[in-house]
Each structure stands twice: as structure tokens, then as C-alpha cells.
There are 2 protein chains.
Amino acid sequence: MLRITRQSDYGILVLSHLANVGGGETHAASEVAVRIGLPLPIVSKILKAFVRADLLESERGAKGGYRLARPPEEVSVSQIIAALEGPIAITFCSEDSDVECSHEHCCPMRSNWQIINHRIKQTFDSITLAEMAKPDGLAMSQTENSKSGGAS
Amino acid sequence: MLRITRQSDYGILVLSHLANVGGGETHAASEVAVRIGLPLPIVSKILKAFVRADLLESERGAKGGYRLARPPEEVSVSQIIAALEGPIAITFCSEDSDVECSHEHCCPMRSNWQIINHRIKQTFDSITLAEMAKPDGLAMSQTENSKSGGAS
DNA sequence: ATATAGGGTACTGAACTGGTACCCTTTTGT
DNA sequence: ACAAAAGGGTACCAGTTCAGTACCCTATAT
């Protein structure tokens, strides 16, 4: 499993749409909702979360809307996920400190989990919104990056 | 977030313990449960799942127990997680086919998700039980492996 | 035959996610 | 000034999933 939530999935759709239609101008939440085919309340909730995370800027009032706060090349997928789900943390031990780590058995492998967590995070750090917004944006940057196809 | 389930966390503990005490001999579920400090039913459930996934072998009857089916170096973390949670799949589109993909908006970025999924899976593929079983097993193999630090 | 120990399934309670509804604040436009 | 448009925020409900428990069956050693 190890799934990301549907919110993050939607969130990337939302940002990709804004990136593709041109993030410079503001777009109303209702417009975005219609274009990507999701109910307005959902989209609205996601847009608000992005504003709070400084990924989007908003204009209130009539003729208001949302626009990208930065160019898509400077937004990483991990930032997007973090905006909607909080920081990426694979396991309890690696959240931020040792709050949850009441079982002492956890601690021997805590450093290992932190390293795993770091690697996962790097994977998401290395992917930009600009790549996600293009249907095969990742395939291109992937070719020179990881050509180790066969595993598993 | 993006957490693995607690079962996987426990599962790695269980296998690490078996690897450390010597996977060759059989160990009773009750013994494992006591040693890692978790209730027997939980540990038992996890052990059974590992047998089904061919990560462990079991002897039934009195004096029975569990032992590793392979040396720890040949067991990857992704196999462990897959045994307990099913195959690793970050998002709905990349599960196995396009069952869930009724929203047509999903499909433009489906190939991107599959690539991400593949990268994550590779991360878990590259980590062995032998590394996890040692408190700093990963730190050692990490140094020469991933020096792509910068992002984030 | 009995005790030990693994094999399997079903059930319950808690937590989380997804989604909806409601109300407030800000701005435009008349 | 007032109404409409649009974002801001919170609370709530329902469905699903996860964690944990209990129960019963099967197999082997003594």
C-alpha cells in the first residue's frame, strides 16, 4: 500500500492545472473545479491549504481567485504533499522527535528509518510541479537519471 | 504523512530479531513476542503472513516455530512490506491497471505516478533485512550510495 | 492421548479520510 | 450604501481502514 491520500492526488491535479493554464493570472475556485471535474468544496479546501502553505496566492472579493506563488519549476512534489498532509514521515519514529517512541525496541532501528525517510523525501524533492504538469514530464528527466529498469 | 502501517513496522522488528538471534533454528512465536515486547496475537498474525509470503518457514506442532526462509541479505524491505500490506503503490492509478481510473483527469499524469511509484519501490528494494537488523546498517551502505543531497 | 504450537477466520473499537454544509470576511460593481 | 461574487474558516457526518482480540482448527512431540 503506502498510498498518498486522495487529497494530495487532487492537489497535484489542481496545481498542474494552474500551471498549464498559466499561473500568472488568477483563477476562481469554481473555474478550477469545473475544469478538473471535481466538486467545488473539495477543490476549495485544497486551494485554501495551498495558500496557507505559500504555494498559491489568492485575491479575495469579486473577481478574486488563485494563482501560483512561484513558477512550477520551483515547486517540488514533497512541498505539495507536505502542504496537504504534513511533512513526509514514513514511520512513527521519524516524525520529528521521539515522542511516540515509547517502545524501546523501536530505537535500535530509528536511525535506519530516518535514513529511509530521507531517501523517500529526496525522491519527492527531486520532482517538480513542472514535470508533473506535463503528461510525460517525468519520463524525460528520468531517462538520464535512473536507467535501472528491471528490479523486482 | 505517507506512513507505512504499524504492521510493517512490527514486521521488520520481528524479522530483524530472527535475523539477529540466528535465523537457522526455529523460534516459537511466543518467544519472539516476549523478546520484542509485543502481544503474542499481533506477532503471531505477522509471522503467519510472512510464512504465506515465503519469507519465513514454520514447523508445526510441539517444538515448532519459525525460521528465516532465506539469509537476511536476500530479503528486501519492499518484500517485507508487500507481505503485510500488499504491493507498494503510491496512488490509485498505479495499483496494477486502470480499474480506479474513472476520472479521466487522472490519466494524463498516470505515467508520472507510475514512475514515482517505481522510484519509491526501488528505494525499498535496495534495502535488505540484513541492513535493517543492524542499528546503523543503513548508514554504512548509504555513504557510498546516495550523495545527491541538496534538494529540500 | 495430551500438551504444545502453528493456521485461519471473524469480530470489535478506534482512528482517519473524504466529503458536505454552514457562516464569515473581503472586494467589486451598481 | 448595498448586493453579489468569491475566498476563509470551522464543524460535522459517513465510510473505510487499521489495530487488536478472540475463537477454533490442525499438526507434531512425548
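Naming convention: chains lettered A, B, ... in sequence-line order (proteins, then strands); numbering from 1 in each chain.
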(request) Spell out protein contact along nucleotides 2-7 of chain D as letters: B when the base is contacted, S when just the sugar-phosphate is, - when no protein heavy atom is under 4.0 Å; keep the 5' to 3' order. (result) ---BSB
(message) Could you work out, with side-chain contact (heavy atoms from CB on, under 4.5 Å) as the rule, every residue matching Ala53(B), not counting sequence neighbours?
(response) Leu55(B), Ala83(B)
(message) Once side-chain contact (heavy atoms from CB on, under 4.5 Å) is applied, do any residues pair with Ala82(B), and if so which ones, sequence neighbours excluded?
(response) none
(message) According to side-chain hydrogen bond (donor to acceptor under 3.5 Å, both in side chains), who are the partners of Glu59(B), at least two apart in sequence or on a separate chain?
(response) Arg67(B)
(message) Just the rounded figure in Å: distance from C1' of dT9(C) to CD1 of Ile46(B).
(response) 17 Å
(request) Please report, rounded to the nearest Å, how far the C1' atom of dA5(C) is from the CD atom of Glu31(B). (result) 13 Å
(message) I'd like to know if the side chain of Glu74(B) and the backbone of Pro71(B) have a donor-acceptor N/O pair within less than 3.5 Å.
(response) no
(message) Can you measure Asp9(A) atom CG to dG19(C) atom P for me and round it to whole angstrom units?
(response) 11 Å
(message) Tell me the interatomic distance from Leu84(B), atom CG, to dC18(D), atom C1', rounded to whole angstroms.
(response) 13 Å
(message) Is there a side-chain contact between Tyr10(B) and the phosphate of dA19(D), meaning an N or O under 4.0 Å from OP1 or OP2?
(response) no
(message) Using C1' atoms of five pairs at each end, report the bend of the helix from dA1(C)-dT30(D) to dT30(C)-dA1(D) rounded to 10 degrees.
(response) 10°
(message) Nearest whole Å is fine: how far is dG8(D) P from Asp54(A) CG?
(response) 12 Å
(message) Which residues pass the side-chain contact (heavy atoms from CB on, under 4.5 Å) test with Ser76(A), not counting sequence neighbours?
(response) Ser78(A), Gln79(A), Asp125(A)
(message) For Asp136(A), give me all partners under side-chain hydrogen bond (donor to acceptor under 3.5 Å, both in side chains), at least two apart in sequence or on another chain.
(response) Ser111(B)
(request) For Glu73(A), check side-chain hydrogen bond (donor to acceptor under 3.5 Å, both in side chains) against everything at least two apart and list the hits. (result) none
(message) So, applying side chain to side chain contact (heavy atoms under 4.5 Å, CB included) with Leu56(B), which one of Thr26(B), Leu68(B), Val75(B) is it?
(response) Leu68(B)
(request) Take atom CG of Leu38(A) and atom C1' of dT20(C), then tell me their distance rounded to the nearest Å. (result) 14 Å
(message) Please report the distance, rounded to the nearest Å, between CZ in Arg3(B) and P in dC16(C).
(response) 7 Å
(request) Could you pull out all residues at least two apart from Glu31(B) that satisfy side-chain hydrogen bond (donor to acceptor under 3.5 Å, both in side chains)? (result) His27(B)
(request) Could you tell me the separation between the CZ atom of Arg6(A) and the C1' atom of dC16(C), rounded to a whole number of Å? (result) 14 Å
